[in-house]
Amino acid sequence: MYLTKANTKLIKELTKKIADVLESFTYDEIICEPEKDIQETLFPYRYYTNSRTMIEAVMMGEKGILAVSEMAAVAINAMLGAEVQDTELFLGCGKLNEKYTIKGDPSLLDKIDAQEEDLDDLRAVCDMLDGYGLKDFVKVDLTGQTQAEGICFYCASGDQRLLSGGVRQNSVYMQMDLLKLAHFKCGGITLKDPVPVVLVASDLPETAYKIAFGLRRQGLKAEGYILGGSMY
């Protein structure tokens, strides 16, 4: 998906909707890095970052069941805030994926006859999300291969994964690819292979740039060449 003018506008709208959800869960305003020296921070420390096509929420200093449950709830609400139809959140665990191959309703976990702390944690997170009133959105998936240190999750609509998160070092995170989300919101429309456009000008670099920029906003590849110089 290209960052055309219309798509850029859509991404900005989606970013605003998701940011509204994150702020409602007591996250700080959008920042690039934690505002304080991490060694001087009282944990848990919540923040979220926003780049041009990615938004990430982080809870530093906490990776227990409550933190994972809260972040999973944030993930579901972020999807709902972005008005993604048929939202589902799939919970998994990096330490369990090599042992089990189940995917579906959380009740499937009760059929596993094993006493494992990770299984108990997974069940507890499902129960917490049920308590948040989000039971209808929650599934389990132990079929994928992941390097997650503990409980992990992803949100999807149909077969489109739009968000991922889980335990990472001493924190819990959630990450959403805004470009992928915008592509999904546009109905998965994909342009045909773009035709390269080469622009050559001897003494009109500004005009060449404007033409190239206009073509790029329409989803075309454009390369500008200025005789006697260069243009980025």
>> With a 4.5 Å cut-off on side-chain heavy atoms, are F25 and M71 touching?
In response: no
> What residues, two or more places apart in sequence or in another chain, satisfy side chain to side chain contact (heavy atoms under 4.5 Å, CB included) together with E116?
Replying inline: L96, K99, Y100, A114, L119
>> Among residues at least two apart in sequence or on other chains, which ones pass side-chain hydrogen bond (donor to acceptor under 3.5 Å, both in side chains) with E56?
In response: R168, Q175
> Is it true that a side-chain atom of K185 and a backbone atom of A82 form a donor plus acceptor pair closer than 3.5 Å?
Replying inline: yes
>> Among residues at least two apart in sequence or on other chains, which ones pass side-chain hydrogen bond (donor to acceptor under 3.5 Å, both in side chains) with D118?
In response: none
> Who pairs with K103 by side chain to side chain contact (heavy atoms under 4.5 Å, CB included), at least two apart in sequence or on another chain?
Replying inline: F90, D141, T143, Y154
>> Please enumerate all residues that pass salt bridge (Lys or Arg N to Asp or Glu O under 4.0 Å) together with K16, with sequence neighbours excluded.
In response: D20
> Can you list every pair that meets salt bridge (Lys or Arg N to Asp or Glu O under 4.0 Å) and has a residue in residues 64-81, with sequence neighbours left out?
Replying inline: R46-E70
> Does any pair with a residue in residues 104-136 pass ring pair (Phe, Tyr, Trp, His ring centres under 6.0 Å), and if so which ones, sequence neighbours excluded?
Replying inline: none
>> Can you list everything that forms a salt bridge (Lys or Arg N to Asp or Glu O under 4.0 Å) with E117? Sequence neighbours excluded, please.
In response: none
>> Taking side chain to side chain contact (heavy atoms under 4.5 Å, CB included) as the definition, give me every residue that meets it alongside Q115, ordered by chain and number, with sequence neighbours left out.
In response: none
>> Show me the pairs that pass ring pair (Phe, Tyr, Trp, His ring centres under 6.0 Å) and involve residues 55-76, at least two apart or across chains.
In response: none
> For S157, which of L181, D86, T87 qualifies under side-chain contact (heavy atoms from CB on, under 4.5 Å)?
Replying inline: D86
> What pairs with D127 under salt bridge (Lys or Arg N to Asp or Glu O under 4.0 Å), at least two apart in sequence or on another chain?
Replying inline: none
> Who passes salt bridge (Lys or Arg N to Asp or Glu O under 4.0 Å) against K135, sequence neighbours left out?
Replying inline: none
